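The shown structure was predicted, so the numbers you read here are calculated from the model rather than taken from an experiment. Letters A, B, ... are given to chains in the order of the sequence lines, protein chains preceding strands, and every chain is numbered from 1.
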Amino acid sequence: MSVVPRPGDPAITPALVAEHGLTADEYDRLLTLLGREPTFTELGIVSALWNEHCSYKHSRPVLKTLPTRAPWVLQGPGENAGVISVGDGWAVAFKIESHNHPTAVEPYQGAATGVGGILRDVFTMGARPIALLNSLRFGALDSPRVRYLFAGAVKGIGDYGNCMGVPTVGGEVVFDPAYEGNPLVNAMCVGLLREDELIRAEAQGIGNPILAVGARTGRDGIHGASFASEDLTEASEAKRPRVQVGDPFTGKLLLEASLELINSGHIVAIQDMGAAGLTSSSAEMAARGDVGIVIDTSRVPVREEGMTPYEILLSESQERMLVVAIRGREEQVREILTRWDLAAEVVGEVIAEPVYRVMEGERVVAEFPGSRLVTDCPVYYPEAAEDPAIAGLRERDVHAIPPRAEESDPAWTLARLLSSPTIASKEWVYRQYDTTVGTSTVVGPGGDAAVIRLRDTRKAISLSTDGNGRYVHLDPRVGGRIAVAESARNVACSGARPMAITNCLNFGNPKRPSVFYQFREAVAGMGEACTVLQTPVTGGNVSFYNESPTGAVYPTPVVGMVGLIDDVSYVTPSGFQRTGDTVVLLGDPTDELGGSEYLAWIHGVVAGAPPACDLEAERALVEALLEAIGSGSVTSAHDCSDGGLAVALAECAMADRERPHGATIDLGAWSDLSWRALLFGEAQGRIIVSTADADAVLAAAARHSVPARVIGTVDGPDAPLSVSAGNRRFVAPLSDLAAAYHGAIPSVMDRSAQPPTAQPVATGA
Amino acid sequence: MTSFTVAVRIVPRRGLLDPQGKAVADALHSLDFAGVQDVRVGRYIVVSLRADNAEAAEADVRRMCEQLLANPVTEDFELENARPLAAGATS
Amino acid sequence: MTSFTVAVRIVPRRGLLDPQGKAVADALHSLDFAGVQDVRVGRYIVVSLRADNAEAAEADVRRMCEQLLANPVTEDFELENARPLAAGATS
Amino acid sequence: MKFGIVTFPGSNCDADAYHAVAETLGEQAVRLWHKSHDLEGVDIVVLPGGFSYGDYLRAGAIARFSPIMREVTAHAERGGIVLGICNGFQIACEAGLLPGALMRNDTLRFVSRRVRLRVENASSIFSHRYRVAQLLDIPIAHGEGRYVADEDVLERLEGEGHVIFRYVDENGDPTESGNPNGSARNIAGIINAGGNVLGMMPHPERAVDPLLGSTDGLALFQGLLDRVNA
Ligand SMILES: Nc1ncnc2c1ncn2[C@@H]1O[C@H](COP(=O)(O)OP(=O)(O)O)[C@@H](O)[C@H]1O
Ligand SMILES: [Mg+2]
């Protein structure tokens, strides 16, 4: 069939090509692919598919280096979500994704639609979502704009998940000026399915109908800069909203209808119309199934009049799905959707001819040969070089930084660190999330990892998200390793064996060598850690161009870890539980201070080498801890991360707000270390355990050659946290620590409403 | 200085999905209000304030809309004329 | 049958706590709008519908308010006059 | 004993209520679809939590017009038992099964946490397994849970013992700090004049399993069994 330009569409000019983000080389590639000039619609399709977000053109070769296999991995990268087996015929699907740019423009809707999208990625695998997590990065809270973004994003995340009835059970929030103009919002979803119900988004079966399901298509979020064309005048630009609005109620209907559809056996594939909407969902399903496809845009239900094929193909209206049904089952499919008050329209067909064809009624408006339109995109290997300024920062001797006068009392420093919003309690955030719906949340937010039981089994899964952008900034390879190691430690503390990760890689502009260096090194570090810890990567997301006029954000890979607990009786809390228990430290303190929250918050310094990460030691630590937990000798376990040993001890003491426990701690074994490195340094590979049977814990540690030492005892609710090392000693009343820890975020956020003043500039996705 | 009330109508911007309006329209249809074609749901804010005169009151409220009351990304707003506030009518 | 729009203002009943209004008033104060005495936040609903004439459109919308749009325990409502809808203006 | 759990399209605690009744208590339970006109002979109707029809306008406003609610109302008028939890409480108020209304929390934020309740009346069919002044730990999770009613309605509720649960602080007192949403008189749950309809914002169905931290909701369901079986 011949493709002719559609009347009214703009002519293809070099300027128009440039506005679509295609380089001259990429345009040549397109000409070669087509053997002719593209139409406007074709240019739009290619600009969307070859856009970084869909094509991974700068990241793919690097991502390929990550380990992705293990016997328990049922679905690795490449699908809507990864899937691992958890035994007994059950499987867990999970994925993390960014919505940074939309959140910077409109925090409530941006964050909400991020949650909506990740939920759909999980339930299109045939899994019922059972948990959500979110990893957030914002600028410093003293800016009203930051408070507005933070409050809006949290509310958006909460409202969407709450309405869907999926508990939001964990995550992290970090505040740092580096994220001021470009916040990061990464949402993770975890779903449960029977192994034999796993469905893949592969178009199959010549003659099978393709249906658009769910919400109508509007002009939301159509990319492609501002075109100088007849169809796209200023007036139509104004009509085109910059943000997508989420409709969680429709999202919930889609969830139920989709699971019913998958169960019914009437369909062969289903995919969310996410980024680049109908275009990418149809092209990706065609590529995976290696089949041809034809779509007729005139059959797509629209919300607005006069929408062009270009607009319909590229719209990012929310709550829509593309479904490949079995021929002849259209009515049954419609019946299921009608039951949920949703519409389904046949908009295309799987065809034998190897083409990707778009019709508008009788007219062919786009046609690409082959079925690999998505994978045939260009791939780049950008230059990578470390910014010498960062190397300089890393080499700085941070021990030379003189302590502040107030630090002569470490209780002051500790309380001050606990009031850093990054360390302080995030209750203000997670109280806005329904954490208990689904009646499976064994451990909600507040501990090291969330634990969700798997109904009808004795098992549970443990979930955590982690990533420290400051470490990665200072040393990307080490920072990448730590992100994985910390999340493994977190799930292990809850009693779980780390199983697999998903990751969200938030970086700046990859065309800058210093950024690409960070990306390549961080991924390498993550890969090393995943290999040693035997936690393969089952999927993830890359978000580049997270920059604002003040520069790139910290390179921030976020790891979403899934762990498995064989029996719920192993579930372990993070805080002290029993007066009289012995406190054991697994792992050793060091004199490392670099990259610490202590330096950043108390001294305003971001420098030094981040703590070393010995992966074999991390693995042994996890094994030793799990063995001790398995023997029933562990009352609580909490890892040391931001703020170091002193902060971790305070968290253990305060974890149960109503029943706190003081503790008497003796760190005399390390009295040769500087007081502040010992208390606030962030040496890796350490876990604080409380136990009634210290010998059993020490023996388990010894079997795995993990350093372990008794450091004190758990006291009663009115006792303070008192810590000594040799002749140095400090005593901190828990009420002071609790006031700092619990008051920090509410005291800033509850002051007044946050106005949506000046719009920021952000370019990440 | 006199007291005025200025009312503001804030509506979702055209072209943006309005899930609230959609839900209400669907409900009205199922209540047999068959003639309903479209529903948009916005906010109605009544500000009582002291100002020198009606124009000043309106100018103030316009600035409030720009700075706080309306979200420029998703909403349009419209002011109603300022009205002098009957004495003692503030709750 | 012609198309009309009828707008409805729904406001929290006097005497009921309006935490949203209070939060907005506080925020306006902190933005230095010192003259603000009181803020009430309600809903503004615009219904587009077909009806025989303006009176019928208003009567329909009044019934919608009574049945669904406003909660008599907590809210008062007020209709604006029906306006003929410009052709093709429904989104 | 047969429980009927209503599923509106946006219900999301229907499965939790079902598990509490069918698995924890081992009672017969059926799901009742919102478009259905048939209560299938159930003894007890549960209106579960969630966002019935999206609840963008007002929580529960649209749900009350659904076909199943006509049957539920008739059931209540016959003296049949109705338990409205969270969104179910909101729907029951909108439908006129209970007086008053539930408005947006005074904090303007959704609130999800464990709250402490005090049992105010232990003679209703819903609460007779508790003791008066007994303290319960039960989760809440809602954005519109601020109970309001006219002063005379509140007086009547109090005077006639229709307030069943009240939010209290850690000392067991109905103070402001113990009130998570600004409800009038710290009201967390009420019954109707007939004593056969209970509406409550807290989620007893989320407090029936020791693994999840509290079993304080169990006695409510068990209490219903005693009465209906008697
Ligand atoms: N955005 C959030 N959403 C939900 N829970 C959160 C969020 N941020 C932090 N939390 C919870 O607060 C607790 C502390 O978080 P964090 O300090 O990051 O823990 P860790 O250092 O062990 O990774 C965790 O249980 C976490 O799940
Ligand atoms: Mg931790």
Which residues share a side-chain hydrogen bond (donor to acceptor under 3.5 Å, both in side chains) with D:K35, sequence neighbours left out: A:D341

Identify, with sequence neighbours excluded, every residue that meets salt bridge (Lys or Arg N to Asp or Glu O under 4.0 Å) alongside D:D106. none

If you count the non-hydrogen atoms of other residues, nucleotides and ligands that lie under 6.0 Å from CZ in D:R31, is the total more than 12? yes

On a heavy-atom basis, the closest approach of B:A23 and D:I62 is O-CD1, 3.9 Å

Applying a heavy-atom distance below 4.5 Å, give me the residues of residues 174-194 of chain D that approach chain B, sorted by number. none

Filtered by a 4.5 Å non-hydrogen cutoff, the part of residues 46-57 of chain D contacting chain B is D:Y53, D:Y56, D:L57

